[in-house]
Protein chains: 2
Amino acid sequence: MGVTKTQNFTQEQNQVATYAKALAHPARVAILQYLLKKQTCICGDLVEELPLAQATVSQHLKELKAIGLIKGTVEGTSVCYCIDQHKWEEVRDVLLNLFSSPIACQDSCC
Amino acid sequence: MGVTKTQNFTQEQNQVATYAKALAHPARVAILQYLLKKQTCICGDLVEELPLAQATVSQHLKELKAIGLIKGTVEGTSVCYCIDQHKWEEVRDVLLNLFSSPIACQDSCC
DNA sequence: AACATTAATCGTAGCATTGCGATATAATAA
DNA sequence: TTATTATATCGCAATGCTACGATTAATGTT
């Protein structure tokens with residue numbers, strides 16, 4: 001085993017899970033925070049910023065790129081990364097939607 | 001290797017990652033959605049609701065309980081689960097805080 | 001052309017996650 | 001007490017994730 005039974009859950013449930021997984025590592029959160037602050041940066045900046053080897057940073061960037069949260073543009077020998085605003089808002093909205101549900105019971109349950 | 005270098009990241013980055021990881025599986029999202037809708041339920045309800053074996057459901061419940069998002073109360077032979085409102089709001093706020101940062105550049109970057 | 005710089009990819013090691021059957025535990029019911 | 005019901009935990013198998021050194025690929029520089 002070891003494989004999530006994706007097909008048995010709703011699209012929304014899988015979407016939340018997918019987006020949450022992208023945020024489920026401090027390095028990826030750090031990358032996003034850095035991009036939010038600097039607007040744009042090259043891979044090398046992140047390698048200096050993060051306590052990880054170049055190969056590892058590149059791998060995290062690949063994951064963020066895979067779900068579309070960031071995009072990279074080749075600029076000479078460097079690659080310039082930035083957040084994809086549209087996807088960023090979509091992820092925010094999907095997560096917000098989950099948390100927007102009111103909690104009916106308040107400590108009185110169970 | 002294979003261990004996240006937690007100690008080299010900020011508390012906020014680790015917190016986002018930890019909370020996101022809890023949401024990073026459709027079964028756990030489904031559990032939370034079910035609890036939001038029903039307010040409260042016993043483990044057996046979730047076993048019927050989810051396409052997973054009892055042992056697996058129990059394991060996902062354990063993870064959600066571990067970070068404090070849900071709490072369980074023994075009621076006879078059953079265990080009644082519900083969302084911990086305080087933690088729920090904390091998770092929401094931590095994630096919201098990340099997404100509240102304005103994105104300065106708009107497609108013009110890179 | 002030869003070299004340097006930058007980033008991606010490969011290969012591998014090790015731990016983590018998912019899933020489930022089987023078993024253990026705990027409370028109630030007969 | 002014995003059986004029943006409801007959960008949790010154990011042990012295992014399969015897969016995924018994290019990390020990094022080494023290599024490759026692509027571009028720029030001399």
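What you see is a predicted model, and the numbers here were worked out from it, not measured in a lab. Every chain is numbered from 1, with letters handed out A, B, ... down the list of sequences. Hydrogens, waters and symmetry mates play no part in the numbers below; they use all other heavy atoms, side chains included.
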Length of the NZ-P vector between B:Lys62 and C:dT18, whole Å: 13 Å
Length of the line joining A:Arg28:CZ and D:dG16:C1', which is rounded to integer Å: 12 Å
Atom pair distance, as rounded to whole Å: CG in A:Leu52 and C1' in C:dA8: 16 Å
N/O to N/O distances under 3.5 Å, protein versus nucleotides 21-30 of chain D:
none

Spacing between A:Leu64 atom CG and D:dT18 atom P, to the nearest angstrom: 11 Å
Candidate pair A:Lys87 and A:Tyr19, rule side chain to side chain contact (heavy atoms under 4.5 Å, CB included), full reasoning: CA-CA 10 Å; A:Lys87 195 70 177 187; A:Tyr19 291 162; 3.1 Å; yes
A:His60 side chain, from C-beta outward: closest of C:dA7, C:dT18, D:dA19: D:dA19
Interatomic spacing from NE2 in B:His25 to CD in B:Glu63 - rounded to 0.5 Å: 8.5 Å
Hydrophobic cluster of B:Leu96, others only, ordered by chain and residue number, side-chain cut-off 4.5 Å: A:Leu96
A:Ile42 CD1 to C:dA8 P, straight-line distance once rounded to whole Å: 11 Å
B:Asp45 CG - D:dA6 P separation (whole Å): 10 Å
Rounded distance (Å) that lies between atom P of C:dG19 and atom CD of B:Glu63: 10 Å
Donor-acceptor contact present, side-chain B:Asp45 to main-chain B:Ile42, <3.5 Å: yes
Of the listed nucleotides C:dC20, D:dT18, D:dC20, the one nearest the side chain of A:His25: D:dT18
Heavy atoms from other residues, nucleotides or ligands near CD of A:Gln7 exceed 12 (cutoff 6.0 Å): yes
Value in whole Å for how far the P atom of C:dT18 lies from CG of A:Asn14: 13 Å
Criterion side chain to side chain contact (heavy atoms under 4.5 Å, CB included) on B:Leu52 and A:Phe9, from CA distance to verdict: CA-CA 11 Å; B:Leu52 297 170; A:Phe9 296 97; 4.1 Å; yes
5' precedence on DNA chain C between A:Lys65 and A:Thr6 (nearest-nucleotide basis): A:Lys65
B:Leu23 and A:Phe99: CA distance, side-chain angles, deciding distance, side chain to side chain contact (heavy atoms under 4.5 Å, CB included) verdict: CA-CA 11 Å; B:Leu23 303 175; A:Phe99 284 96; 4.0 Å; yes
Side chain of A:Ser78 - closest among C:dT18, D:dT7, C:dT6: C:dT6
Phosphate OP1/OP2 of C:dT6: any A:Tyr81 side-chain N/O under 4.0 Å: no
Nearest-nucleotide pick for B:Lys21, side chain only, options being C:dT17, D:dT7, C:dT18: C:dT17
hbond_proxy A:Gln59 side chain to D:dC20 base (donor-acceptor, 3.5 Å cutoff): yes
